Q: 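Mind looking over this structure? Questions follow.
Since the model is a prediction, treat every value here as computed from it, not as a measurement. Note that these values count all heavy atoms, side chains included, but never hydrogens, waters or copies made by symmetry. Below, chain A is the first sequence line, B the second, and so on; all start at residue 1.
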There are 2 protein chains.
Amino acid sequence: MNKRQPITIKEVAEKAGVSQMTVSRVLNKQKLVKASTRERVEAAIAALNYKPNLMARGLAGGRSKLIGLAYYNPSPSYLSALVVSALKHCRDLGHHLVIEDLSDIEDGLDTTMILKRLSSIQLDGLILAPPLSGNTKLLELMQDIGIPTVLLGSTDDRFKQSSVVFDDRAAAYTMTCHLIDLGHKKIGFIRGPHELPWSRKRQEGYEQALIDKGIQIDKKLILEGDFTFRTGMHRGDDLLELPDRPTAIFASNDDMAAGVIAAAQRRSIQIPKELSVVGFDDTAIAAAIWPRLTTVRQPIAEMAQASVDIISDVTAESWNGEPVRLVNDSIHIVERESLAPPA
Amino acid sequence: MNKRQPITIKEVAEKAGVSQMTVSRVLNKQKLVKASTRERVEAAIAALNYKPNLMARGLAGGRSKLIGLAYYNPSPSYLSALVVSALKHCRDLGHHLVIEDLSDIEDGLDTTMILKRLSSIQLDGLILAPPLSGNTKLLELMQDIGIPTVLLGSTDDRFKQSSVVFDDRAAAYTMTCHLIDLGHKKIGFIRGPHELPWSRKRQEGYEQALIDKGIQIDKKLILEGDFTFRTGMHRGDDLLELPDRPTAIFASNDDMAAGVIAAAQRRSIQIPKELSVVGFDDTAIAAAIWPRLTTVRQPIAEMAQASVDIISDVTAESWNGEPVRLVNDSIHIVERESLAPPA
DNA sequence: TCATTTTATGATAGGGCTAACATAATGACG
DNA sequence: CGTCATTATGTTAGCCCTATCATAAAATGA
């Protein structure tokens, strides 16, 4: 039928007996259209089944309705939580999501490549997922290109960029206190890579809790992983081989916690009877192993949604130019089966 | 510096002392440019750090460099494997990936909504991930709009659409034979939802293997799950409660296999000593539990890549109009720790 | 009532690029 | 050296929409 030749704004205008501009105004929900005219135009749009051409819009107006989401070596569960939520919200707001994988951009940071990709596509804004949001050079670059950027999980006051962060420190603090309140005194901690700010934040929360509860920090109980299952298992092995092994292990993400559980199960250590294991993030894997992980929920979906909102707002004309900084402070411990008082 | 006003093709043309069209031809890698001219233009592009404007390109040429990837209620690991791989390949080919979540499109299939979203964005092509690729109504719709579509994991000869499929039947057959060859005779099977073609295919493979090896099919050993960890655990419980319980369980995806392992561990059944468990897909979870899952690898990454290739080719002018149908027949069993000969 | 503000609509001009055709330069060959 | 094919480049006209400014209509007020 009318498939080959898409309807254009011109035809709608004719059908409604108005100018293209009026149709455009209706489409963009501007105020200056009489109610009766608006209705007529909307009827014409519906009748012709008209859909505005994004490309033309982007070209003419400068706004593309395209939001970028860039990441770097993501954990699958984190990525999909992020993508799914961002996507849902994009759709609600009439945007589209363009995913950019910057994984093979080395620390050398191939500026040319990134620039080429990002600046040719006229994104309305860009969401930088961790750990990209901690990459100063990249932030600088974005500031230069002038794409409105939202940093996820990290802020940097040197740049005028919006951000949505989670209080990692407080979350880790809360979880550690929870462990201590249950009676644990020897709590192993597996931190993330030292170069990532949230690794540090989580460790700080852990240490502060120990201090506040009057427990000596034992450096032997603090090991570093890289947020993967594999290193979680290795560091778990290390902790379990200690002559006086911990009664609980707090891994600073779920993948590593799953690794610790695997390590314990290989040694036939009963969880949670002989060893408690807790994680961080509440990603899909937390509920997909047995015993299921007790973990701190990181509100990934909410944060993704907030990021999309910010870009949507920043793109709007009413924006005052100030970066938006959101802190999500909903700390919630998801109780499952991997945690119990010490024997 | 030169950030506010992006460089346009015009400036490049001036700098190189040629017409815009020649620059355009260089950009689009057409043949009809003299080598010396091409070099001059390329130098100008590099010098000015010019990046073509996608929107303008899409508007003028009809090709947007945008490839859509639509899904419905994905498993996180499958989704991220898909996205990451499709993305990588898109980048290599200079495309961008626009993700579309059709999850809340009910079976009623809100045509208007989908149309509105998909047809306004001028996608060069659309990849339909399972189970969308099995949705006849949707396929019909796509055919009508005329977007080149690639079906992932499913074909439908009624439509002239390309597809990339995996031989689920053969893979399940191979795995089942492998179990039997190890000495297993009572093999439980947890199938997927009956409405999905690949659920059926996998079950057929399982049953055919039993038949070929002269083992009676026992319907009590075949249960249905919905590809989630949760139902895997429940059906695992069911199988393990059987008076004469199986020595091996073949779950038709990894999430369900993980559920079976959890169920066994709760009953202190040793894996693989007392029970072997195998999965299907080789997604991230297979290596993120202990014991790690022996599973059939589904080449998600390769298939995603192939899909992108197809769209890229179909978009090219040289295309002959025929749908491309690819079958990936690289069946590979990933041996890990969850499988052993029966006690 | 007419001047003045406010509100609603229209006309025009691109935005950056490519398709399609037109032209110019080059080469082949009798 | 002219003819014709071939290859290389240029010109022009849009693609579909929105910004901007201009105009028209309605509302306000003295």
Q: For the residue pair A:Leu79 and B:Ser80, what are the closest heavy atoms and their distance?
A: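 The answer is CD2-CB, 4.0 Å.
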
Q: Taking the side chain of A:Ala60 as heavy atoms from C-beta outward, which of C:dC17, D:dT18, D:dC16 is closest to it?
A: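 Among C:dC17, D:dT18, D:dC16, the one nearest the side chain of A:Ala60 is D:dT18.
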
Q: Under 4.0 Å: is that the gap between some side-chain N or O of B:Thr22 and OP1 or OP2 of D:dG10?
A: yes

Q: Think B:Ser24 has a side-chain N or O under 4.0 angstrom from the OP1 or OP2 of C:dT18?
A: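 Indeed, a polar side-chain atom of B:Ser24 lies that close.
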
Q: Is the phosphate of C:dG15, meaning OP1 or OP2, less than 4.0 Å from a side-chain N or O of B:Asn53?
A: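 No, because none of the side-chain N or O atoms of B:Asn53 sits under 4.0 Å from OP1 or OP2 of C:dG15.
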
Q: How far apart are the closest heavy atoms of B:Gly17 and B:Arg40, and which atoms are they?
A: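 That would be O-NH1, 4.3 Å.
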
Q: If you assign each of B:Val33 and A:Lys34 to its closest nucleotide in DNA chain D, which residue comes earlier from the 5' end?
A: B:Val33

Q: Between D:dG10 and B:Arg25, counting only base atoms on the nucleotide and side-chain atoms on the residue, is there a donor-acceptor pair under 3.5 Å?
A: yes

Q: Hey, does the side chain of B:Arg325 reach the backbone of B:Gln161 with a donor-acceptor pair shorter than 3.5 angstrom?
A: yes

Q: Round to the nearest Å and state the distance from B:Ile7 atom CD1 to C:dG15 atom C1'.
A: 16 Å

Q: Rounding to an integer number of Å, can you tell me how far B:Gln122 CD sits from C:dT18 P?
A: 16 Å

Q: Specify the separation, in whole Å, of atom CE of B:Met21 and atom P of D:dG14.
A: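 Computing the B:Met21:CE to D:dG14:P distance gives 16 Å.
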
Q: Can you pull out the residues from residues 36-47 of chain A that lie within a 4.0 Å heavy-atom distance of DNA chain C?
A: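 Heavy-atom cutoff 4.0 Å gives A:Thr37.
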
Q: Are A:Leu82 and A:Leu152 packed together at the side-chain level, in the sense that at least one heavy-atom pair is separated by less than 4.5 angstrom?
A: yes

Q: Does a nitrogen or oxygen in the side chain of B:Ser19 sit under 4.0 Å from OP1 or OP2 of D:dT11?
A: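 B:Ser19 to D:dT11 OP1/OP2: no side-chain N or O under 4.0 Å.
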
Q: What is the distance, rounded to the nearest whole Å, between atom CD of B:Gln20 and atom P of C:dG15?
A: 11 Å

